[in-house]
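Since the structure is predicted, the reported quantities are computational estimates derived from the model, not experimental observations. This chain uses plain numbering: 1 for the first residue, then up along the sequence. Whatever order the structure lists them in is the order used to number ligands and atoms, beginning at 1.
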Amino acid sequence: MAVYSYLMVWAATLLGIRIGYFEPDTPHWLLFGATLAANLVFFLIIRSGRSERWTDPSLTVPQMMVGIILITALLHYSRELRGAMIAIYFMAMTFGVFALSRQRMILMSGFVLLCFCGLEAWEWQQAPETKILSISFGHTSILLLGLLWFVYVGGHIRNLQQRNQQQRASLRAQQRHLEQINVQLQDAMARLEDVAIRDALTGLFNRRHFMERIDEEIARAERSGRPLHLALIDLDHFKQINDSHGHQAGDQVLRTFAETARQTLRRSDLLARYGGEEFVVLFTDGEAEDIRQVLERLRQALSQHRFNGPPAFSVTLSAGVASWHQSDTADTLIQRADEALYRAKHNGRNQLVAVD
Ligand SMILES: Nc1nc2c(ncn2[C@@H]2O[C@H](COP(=O)(O)OP(=O)(O)OP(=O)(O)O)[C@@H](O)[C@H]2O)c(=O)[nH]1
């Protein structure tokens, strides 16, 4: 913006020299060359990041001072145009409106007055015959009034700008806060959803969730024609475990079974605690023989586990497996698995019974 302003003033100066508003010997090359060089130095300092540590990182004050000195020098070469040229000081002052405090704007106004009065005084001393007191006084007064107005309005604009920045910062902070709350809310929702579908003791899906999912899986099997198998698993003589080793030991058995089942089954198998010491698995993939082998592995793994006593003990399971038919609903499938489980219990427990 500064370079653009200088180029504009330079062009106007060249035009002024040509039409006689400036002295023909105005050293415009020297003045604008020096000014552009000074601005180049400012630019390099800012780009290097060195000014970041200073109170005025964009070097507004030195840039304005260079501009004001250039304008003062130009005024010396201006003839009748001096009155109008005074307005260019305000061009330089505009740079401070958004960046400088009111106090600094007052100091910059003082600097403008100092430069202008210095120029007038010097000219009065050098060539008093070319000067007219009333005009010098008039120019100085207009400049003073203009600067006072500028400081007042500039301060007002700056206050508005600061208020705007504060509001934007506060809005950003509120937005960040809302985003955090949103994340926490989503987190809480996810945990709540998890609590709603899981059994607190074992961490497995609960019966309600299982019943929702089994209907979906049956609908999917109806479309795809893929096999579906359901196993009901019941821990044997669980009441005795509670009675002999305590309820906490019973809970530990349930947790251990859940962990063993999780490790043995595939992620695609839908495992849930059906109630008490009874569990259910819906196999959405694999043939009856594969299912039998998986459940057999689970049966063996549980029976081989030694639970700490005293005295140490082991637990077995019985399971009934039913294969899904096109006419089956969730209820009929579970009922057939339950009948198979009953037979496994009746045949002496610690075994699998599969029905077609
Ligand atoms: N520790 C513990 N026990 C439970 C829990 N839920 C149910 N039970 C107990 O599990 C026992 C189930 O006993 P039964 O239904 O008689 O079955 P069982 O003793 O396993 O006998 P069979 O199934 O015929 O082998 C009951 O004593 C219930 O109190 C639980 O969350 N923790």
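Atom 26 (C) of ligand 1 is not flagged as protein-proximal [any protein heavy atom, distance under 4.0 Å].
From the protein, the heavy atom lying nearest to atom 14 (P) of ligand 1 is Glu277 OE2, 3.9 Å. Looking only at protein heavy atoms, the nearest one to atom 13 (O) of ligand 1 is Lys239 CB, 3.7 Å. When only non-hydrogen protein atoms are considered, atom 24 (O) of ligand 1 lies nearest to Arg349 NH2, 2.9 Å. Considering only non-hydrogen protein atoms, atom 10 (O) of ligand 1 sits nearest to Phe238 CD2, 3.1 Å. Nearest protein heavy-atom contact of atom 7 (C) of ligand 1 is Gly276 CA, 3.5 Å. In terms of protein heavy-atom proximity, atom 2 (C) of ligand 1 is closest to Asp251 OD1, 3.3 Å. From the protein, the heavy atom lying nearest to atom 22 (P) of ligand 1 is Lys345 NZ, 3.4 Å.
One N or O on the side chain of Gln63 and one on the backbone of Ser58 form a donor-acceptor pair closer than 3.5 Å. In this structure, Ser78 contributes its side chain and Leu81 its backbone to no donor-acceptor pair below 3.5 Å.
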Q) Step by step, would you call Phe313 with Phe307 a ring pair (Phe, Tyr, Trp, His ring centres under 6.0 Å)? A) CA-CA 5 Å; Phe313 61 98; Phe307 290 91; 5.3 Å; yes
Q: Evaluate ring pair (Phe, Tyr, Trp, His ring centres under 6.0 Å) for Tyr6 paired with Phe32, printing each intermediate quantity in order.
A: CA-CA 7 Å; Tyr6 286 130; Phe32 285 97; 7.1 Å; no
Q: Would you sort out whether His229 and Ser323 count as a side chain to side chain donor-acceptor pair (under 3.5 Å), showing the intermediate values?
A: CA-CA 4 Å; His229 302 276; Ser323 305; 3.0 Å; yes
Q: Before giving the answer on side chain to side chain donor-acceptor pair (under 3.5 Å), spell out for Gln252 and Gln248 the whole-Å C-alpha distance, their side-chain angles and the decisive distance to 0.1 Å.
A: CA-CA 6 Å; Gln252 185 52 41; Gln248 287 202 338; over 6 Å; no
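Across the listed options Asn242, Leu201, Leu341, Asn242 owns the non-hydrogen atom lying nearest to atom 9 (C) of ligand 1.
An N or O contact shorter than 3.5 Å is missing between Gln240 and ligand 1 by distance. For the pair Asp236 and ligand 1, the shortest N or O to N or O distance does not fall below 3.5 Å.
If you look at Phe137 and His139, their ring centroids are not closer than 6.0 Å.
Note: Trp29 and Trp10 have perpendicular aromatic rings, judged against thresholds of 30 and 60 degrees for the angle between ring planes.
Taking every non-hydrogen atom of Gly250 and a distance limit under 4.0 Å, the qualifying atoms of ligand 1 come out as 1 (N). Ligand-side atoms of ligand 1 in range of Leu254: 30 (C), 31 (O), 32 (N), range being under 4.0 angstrom from any heavy atom. Taking every heavy atom of Asp234 and a limit of under 4.0 angstrom, the matching atoms of ligand 1 come to 23 (O).
Linking Ile, Leu, Val, Met, Phe, Trp and Tyr residues whenever their side-chain heavy atoms come within less than 4.5 Å leaves Tyr342 and Val281 in two separate clusters.
Atom CD of Gln165 is surrounded by more than 12 heavy atoms from other residues, nucleotides or ligands within 6.0 Å.
Note on ligand 1: Arg273 sits in its first shell, one or more heavy atoms being nearer than 4.0 Å.
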